[in-house]
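Everything quoted here is computed from the prediction, not taken from an experiment. Note on naming: letters A, B, ... go to the chains in the order of the sequence lines (proteins, then strands), and numbering restarts at 1 for each one.
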Number of protein chains: 2
Amino acid sequence: MEASLRRLPMARIKNMEEFASVSGISRPTVSKYFNDPESVRPKTRARIEDALKLHDYRPNIYAMNQNRKLTKAVGIVVPLLVDPYFAEIARNLEQRCIDAGYRPTLFSAHGDSAHEVEVLDSLRSLKPAGVLLAPLGRASDHDVLEKFCADVPTLLFDSSVEEFGLSFVGSDNRQFTTHITDYLCRTGEPPCFFEMKTPANPNAHRRRQAYLDAMQEFGQPAQVVSIEGEGWEFEEIGRIGGHKALEEGLFSTNTILCSNDRLAIGLLTACYERGVKVGRGEDCQIRVAGQDGHPHSRYTCPPLTTISHDYDKVSQTAADSLFAAIEGHVEPWKSTRIEGKLTLRDSA
Amino acid sequence: MEASLRRLPMARIKNMEEFASVSGISRPTVSKYFNDPESVRPKTRARIEDALKLHDYRPNIYAMNQNRKLTKAVGIVVPLLVDPYFAEIARNLEQRCIDAGYRPTLFSAHGDSAHEVEVLDSLRSLKPAGVLLAPLGRASDHDVLEKFCADVPTLLFDSSVEEFGLSFVGSDNRQFTTHITDYLCRTGEPPCFFEMKTPANPNAHRRRQAYLDAMQEFGQPAQVVSIEGEGWEFEEIGRIGGHKALEEGLFSTNTILCSNDRLAIGLLTACYERGVKVGRGEDCQIRVAGQDGHPHSRYTCPPLTTISHDYDKVSQTAADSLFAAIEGHVEPWKSTRIEGKLTLRDSA
DNA sequence: TAACTTTCTTTACGCGCGTAAATTATTTGT
DNA sequence: ACAAATAATTTACGCGCGTAAAGAAAGTTA
């Protein structure tokens, strides 16, 4: 101990052993401190914190996780990080994890099922206390997902795959579509529904169905325009499909409700390219609405009328549910669906 | 061994020890196999792979990294993942790492310097073979950055902070601005330059300077319009600033070159809101151009004329340089700047 | 100050794996 | 078939930390 205390102040500390000897406290106590500073006597705490100021040592988080019963690690998985919607909700979730004292690690499946499996495998190595998982959906490997949820406390969000995991938290897609359909019907011609034929996300089916149900209830003729297109380049799919639909006059009314904002953004571009004026003014030929409240929907021309996810509420509910489960509050599986808010802009 | 070989095929394998006994091969040899399957005799390899089919065991990557001289982990750090530009380049880099046999882990500083420091600390625990780092720039903590680069093989990209790290790879901002300024001068009135007063990214200064230099060379009067605004909400800053500039008639010509695409997107929205027609047609009042080739620039109205990063080339050069360095090819620090391609669309 | 409680130290082992050295088994060349 | 070369096994230790148990020291109460 004597020798250690006299070591040069700036000698790089390699591990907790060295830091312990430098601070004059035993390693187990130092370990205890890092797990919870309040768990050691104030005097001891002060000595450790003094040493900390001189040596800027930080424990290796991965070594910490190795032999702990309950780690502070939380995995966040989204299907596609290049979609600003997921980037935004991931950022939101990360912040909540940090605020709650957890250590988030972010993963993206990059729209690919095999990659999603890889991510889940990596996550196992992390030994996370819990995982917030937005699955790819239809494309996900259900068996792998089920096994993963059985092994790791996992809360599904955004898109539900069977009743896997602790619970599900997402947006109320039925309410989304019903609400905006209602708005469109009340303010002009009833909407046609513009969607991808083979959507990756199961929410798309709920939205189509909600549209059909709503139209029936309002006593209006429903019309679904399903366009071709694979992958995750929704804007381009919407643009190409929009051109085709406009060219062939597939829309039976002047109002189009898109299955999601990215498709709507593509459709708006198609309209622009064809010289079709979009909006609710007298001189406009067509109304276009989206669904999601995509970060970019504010900046289209015209700005997109849409129904917006309650990002904050979804992420808060998801995070809080997971934290509660981690801390032992057992609850039966349930599905929480958060309502969206109509965001009225110029496009419809 | 006898007992182990008779264990039930579906008993979950917990670690390499168990898997080794199940496969009938010693643990060190199994370890060798996972580090490089080619390094063991074909017969041994076959036995391991047979066992692998029955038991789907995978080594814990974090435990692997713990006591390895050279890990396969690569860290990727971007300043802001909610910006699709960074999301896109991160995705690109991740894929290249995987293809080269490395294991990428993605981090975002979320636009915050303290967070960036946190990320670098976490990265140390990962013991990565190398790091691809796009620093926040002006806001980055230079001391922390310098120390990190000294400890971990780090390649800087996108935005250069002094001569830290192995090398720098990014876009040639001077060429970007010179090129598009030239285009704008040749096709209409010379451009004004629209930028943030206090940009977060050092590239912004290079672009302004390149604009000034180019205008001087072309013998045209330069005019820079610098708008207020803090943070990373560039679109909104551009929109608000655009309104102000248009209101007060700050632009001396009908052509505006924006410092980046996100600012341009905001400006386009301001134009729309004021009924100012943008484009190069006879009936248009103003031309707007951006810089970056932002994923969304294709879908503005009118689609944005811009100068696009060569995402592929930047990421490939960055990744290859890092891999070369990891594999021992020592080279002096150098800065590689990739040229951009003019993307002609309707806005200018 | 004695008796008690709390906290810390010591010691020891575990996590899941890498790695090195010495030994034994297998393959290869002839 | 035998020696040489190659590969696998055994043994042992290390990485950086968590955690448990027993004992010593410090703090608290009376």
Seminar exercise, completed: From the candidates D:dT19, C:dT7, D:dA8, the one with an atom nearest any side-chain atom of A:Lys69 is D:dT19
Exercise. Is any side-chain N or O of B:Ser31 closer than 4.0 Å to OP1 or OP2 of C:dC17?
Worked result: no
Problem set entry | 5'-most by nearest nucleotide on DNA chain D - A:Phe34 or A:Lys43 | A:Phe34
Exercise. Given that B:Met64 and B:Arg41 both sit by DNA chain C, which one's nearest nucleotide is further toward the 5' end?
Worked result: B:Met64
Exercise. Between A:Asp36 (CG) and D:dG18 (P), how many Å, whole number?
Worked result: 13 Å
Exercise. Have A:Ser108 and B:Arg91 got a donor and an acceptor in their side chains that come within less than 3.5 Å?
Worked result: no
For this session: Could you state the atom-to-atom distance from CD1 of B:Ile48 to P of D:dA7 in whole Å?
Result: 14 Å
Problem set entry | Heavy-atom side-chain contact between B:Ser315 and B:Tyr311 under 4.5 Å | no
Exercise. Just how far, in rounded Å, is P of D:dT9 from CD of B:Glu17?
Worked result: 13 Å
For this session: Rounded to the nearest angstrom, tell me the gap between atom CZ in B:Arg45 and atom P in D:dA7.
Result: 11 Å
For this session: Run the numbers on A:His115 and B:Ile98 for side-chain contact (heavy atoms from CB on, under 4.5 Å), then give the verdict.
Result: CA-CA 11 Å; A:His115 208 307; B:Ile98 293 170; 3.6 Å; yes
Exercise. B:Met16 and B:Tyr57: side-chain contact (heavy atoms from CB on, under 4.5 Å), yes or no, with the steps?
Worked result: CA-CA 8 Å; B:Met16 196 181 280; B:Tyr57 158 78; 3.3 Å; yes
For this session: Rounded to the nearest angstrom, tell me the gap between atom CD1 in A:Ile25 and atom P in D:dA25.
Result: 15 Å
Just the atom pairs and distances: protein N or O near nucleotides 14-16 of chain D's N or O, under 3.5 Å.
from   : atom 1 : to      : atom 2 : distance (Å)
D:dG14 : N2     : B:Asn67 : ND2    : 3.0
D:dG14 : N3     : B:Asn67 : ND2    : 3.0
D:dC15 : O4'    : B:Asn67 : OD1    : 3.3
D:dG16 : O4'    : B:Gln66 : NE2    : 3.2
D:dG16 : N3     : B:Gln66 : NE2    : 3.4

Exercise. Between B:Val152 and B:Leu123, does a side-chain contact (heavy atoms from CB on, under 4.5 Å) hold up when you go through it step by step?
Worked result: CA-CA 9 Å; B:Val152 183; B:Leu123 229 50; over 6 Å; no
Exercise. In whole angstroms, how far is the C1' atom of D:dA7 from the NZ atom of B:Lys32?
Worked result: 7 Å
Problem set entry | Main-chain N/O of A:Ala139 paired with A:Ser113 side-chain donor or acceptor, under 3.5 Å | yes
Exercise. How would you label the contact of A:Thr44 with the nucleic acid (heavy atoms, under 4.0 Å): base, sugar-phosphate, or nothing?
Worked result: sugar-phosphate
Problem set entry | OP1 or OP2 of C:dC8 under 4.0 Å from side-chain N/O of A:Thr29 | no
For this session: Can you see which heavy atom on A:Ala318 is nearest to which on A:Leu132, and at what distance?
Result: O-CD2, 3.8 Å
